[in-house]
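The structure appears right after this line, and notes come after that.
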Amino acid sequence: MTTPESNTSSKSSVKKPRKVIPIVSDPNQEEFVSLYESEQKIYPRSTSGFFTNWRWITVWITQIVFYGMPWLQWGERQALLLDISTHRFYIFGLVLYPQDLIFLVVLLIIAALALFLFTAVAGRLWCGFACPQTVYTKIFLWIEHKVEGDRAARIRLDTGKFGIKKVYKKTLKHALWIAFSMWTGFTFLGYFTPIRTLFDNIHLLQLGPWETFWIVFYGFATYGNAGFLREQVCKYMCPYARFQSVMFDQDTLIVTYDEERGEPRSGRSRAVDAKEKGLGDCIDCSFCVQVCPVGIDIRNGLQYECISCGLCIDACDSIMDKMGYEPGLIRFSTQNGTSKHWSKHEIIQRILRPRVLVYTGVLLFLCAAFAITLGMRSPFKVDINRDRGVMSRLVPGGNVENVYRLQLTNATEKTQAYRISVSGLKGLTVASKKEFLVNAAESRSVSVSLQILDGSIKSGSHTIYFDVSQEGSDEKVSEKSIFFMSR
Ligand code: SF4
Ligand code: SF4
């Protein structure tokens, strides 16, 4: 009889020879797999149609505003100037100081909320039609098209041999791109430093090192982004592209391919009766893919790369027209609209859904608060600092004196006279000069001394108010401070 133990020991004592499998790869089957995939250059084909025209209209509007605005005058000065060196922002009739930074912050919040609202309703229309990256890419592509030709010619030129024609076309294209980029850099700087002076400095070759740096920096950023990176900025660098999907819902307008109508896709001639053959309306011509500036196939469904430019709609509509089919195989619609076969009217009705109403309400509230606060903004400001060297001192005449520094800021476009008085303590008077002139859009620091009869108040700190009024108007500013009476 054998026990389990004795059985095991007898098994372990009989060792089988080990089979050794060598880990040597077969050189004939070796394959190098790179985890890096280089971007394929996209050669968008030209198209025409409703959305193409609208894209050009928005390019013109945005560029006329961008290049024209710094040249606009408001009285004696530039209408829009963000003068960082003097800490003044001139926005038409408005002069903002560092203390007014809150207005800029609110303005940015309003812009962000407007973008949320716009995205919830109309998807990425901003990206396709007004975003600077898209707009400059379109302008650069137009230059490329004019110099090198349309898609097929550009592919031929890039894959063809090096020769005089290729060198000439490439040099001309890059020269035009660089010239346009430098003009863009110059205009950009013109928002921060007076553009007319900047223009004269360029003519007189008197451009400072920082001015030169910013023009070249912004110029080359434009050249690089619009000439080379193009759709990669939208795909990999733009944060909006990443989080815009959370603002989408089933009723957001997007560019959609009507799969039900288009499939099964197949090439055919005009003479073929698609219904009879059981074919969908898509003739698989790939025109919609060739015109796409981000190089995607919208027939694969909604993709985060799609910037809603509508060019594939124009391309497909032109094909539908040639085939004698209804336009709109690719169209702006909503996911609900497509799946539930809604009419345009039904899709538009869904715009006013709760989410959109909440965004609109918050946006309107912020806009109203911004306008009211801006309207109530005082045309001058007063900041008070006690003179730290002189807490309180006894002066001839039996008075006790405290000295203050008042920073008077004139936020108007004219020289103003300000009158200073004081309240809060009986017998307290302004012993120094009471009236001061401050030039337009300037700040002035003035010294003011206050006196009171020694012994007329208890020792310690007393709350007082500086009342500063602007001459010739009812504007008045009251600022709290402390009068210190020593023991
Ligand atoms: S899929 Fe159509 S709408 Fe989207 S980016 Fe491409 S061309 Fe523009
Ligand atoms: S352009 Fe229209 S017909 Fe041609 S492949 Fe695209 S969806 Fe199909």
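Indexing begins at 1, ligand by ligand and atom by atom, following the structure's order. Note that the structure is a prediction, hence the values are computed from the model and not measured.
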Determine whether the side chains of Tyr67 and Thr184 contain a donor N or O and an acceptor N or O closer than 3.5 Å. yes
Parallel, tilted or perpendicular, as decided by the 30° and 60° cut-offs, for the rings of Phe228 and His174: parallel
What class does the angle between the rings of Phe186 and Trp71 fall in, given that below 30° is parallel, 30 to 60° is tilted and above 60° is perpendicular?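 Geometry flag for Trp71 against Phe186: tilted rings.
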Any non-hydrogen atom of Ser286 lying under 4.0 Å from ligand 2? yes
Can you find a non-hydrogen atom of Met323 under 4.0 Å from ligand 2?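 The answer is no: ligand 2 sits nowhere under 4.0 Å from a heavy atom of Met323.
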Under 2.8 Å from atom 4 (Fe) of ligand 2, can any N, O or S atom of Cys285 be found? yes
Is the shortest heavy-atom distance from the side chain of Cys309 to the side chain of Pro293 under 4.5 Å?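 Sidechains of Pro293 and Cys309: in contact.
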For [atom], closest protein heavy-atom neighbour:
atom                    : result
atom 3 (S) of ligand 2  : Ile283 N, 3.4 Å
atom 8 (Fe) of ligand 2 : Cys282 SG, 2.3 Å
atom 5 (S) of ligand 1  : Ile307 N, 3.4 Å
atom 6 (Fe) of ligand 2 : Cys288 SG, 2.3 Å

Heavy-atom contacts with [X] under 4.0 Å: which atoms of ligand 1 show up? List them by number with element.
X      : result
Gly310 : 3 (S), 8 (Fe)
Val294 : 5 (S)
Ile296 : 1 (S)

Please state which option from Ala315, Cys306, Ser308, Cys312 has its nearest heavy atom closest to atom 2 (Fe) of ligand 1.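 That would be Cys312.
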Between Arg405 and Asp383, is the closest basic N to carboxylate O distance under 4.0 Å?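 Judged by the 4.0 Å cut-off on N to carboxylate O distance, Asp383 and Arg405 do not form a salt bridge.
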Before accepting this row, confirm whether a basic side-chain N of the pair Lys381/Asp100 lies closer than 4.0 Å to the acidic partner's carboxylate O. yes
Identify the two heavy atoms, one from Arg151 and one from Pro44, that lie closest to each other, and give their separation to 0.1 Å.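 Closest pair (atom of Arg151, atom of Pro44, distance): CB-O, 4.2 Å.
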Could you report the tightest heavy-atom contact between Glu442 and Arg88, atom names first, then the distance?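 The pair with the smallest heavy-atom distance is CA-NH2, 3.7 Å.
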Ligand 2 versus Arg299: contacting region, heavy-atom distance under 4.0 Å: side chain
Within a distance under 4.0 Å of any heavy atom of Met320, pick out the atoms of ligand 2 and give their elements. 3 (S)
Hey, do the aromatic rings of Trp214 and Phe217 have their centres closer than 6.0 Å? yes
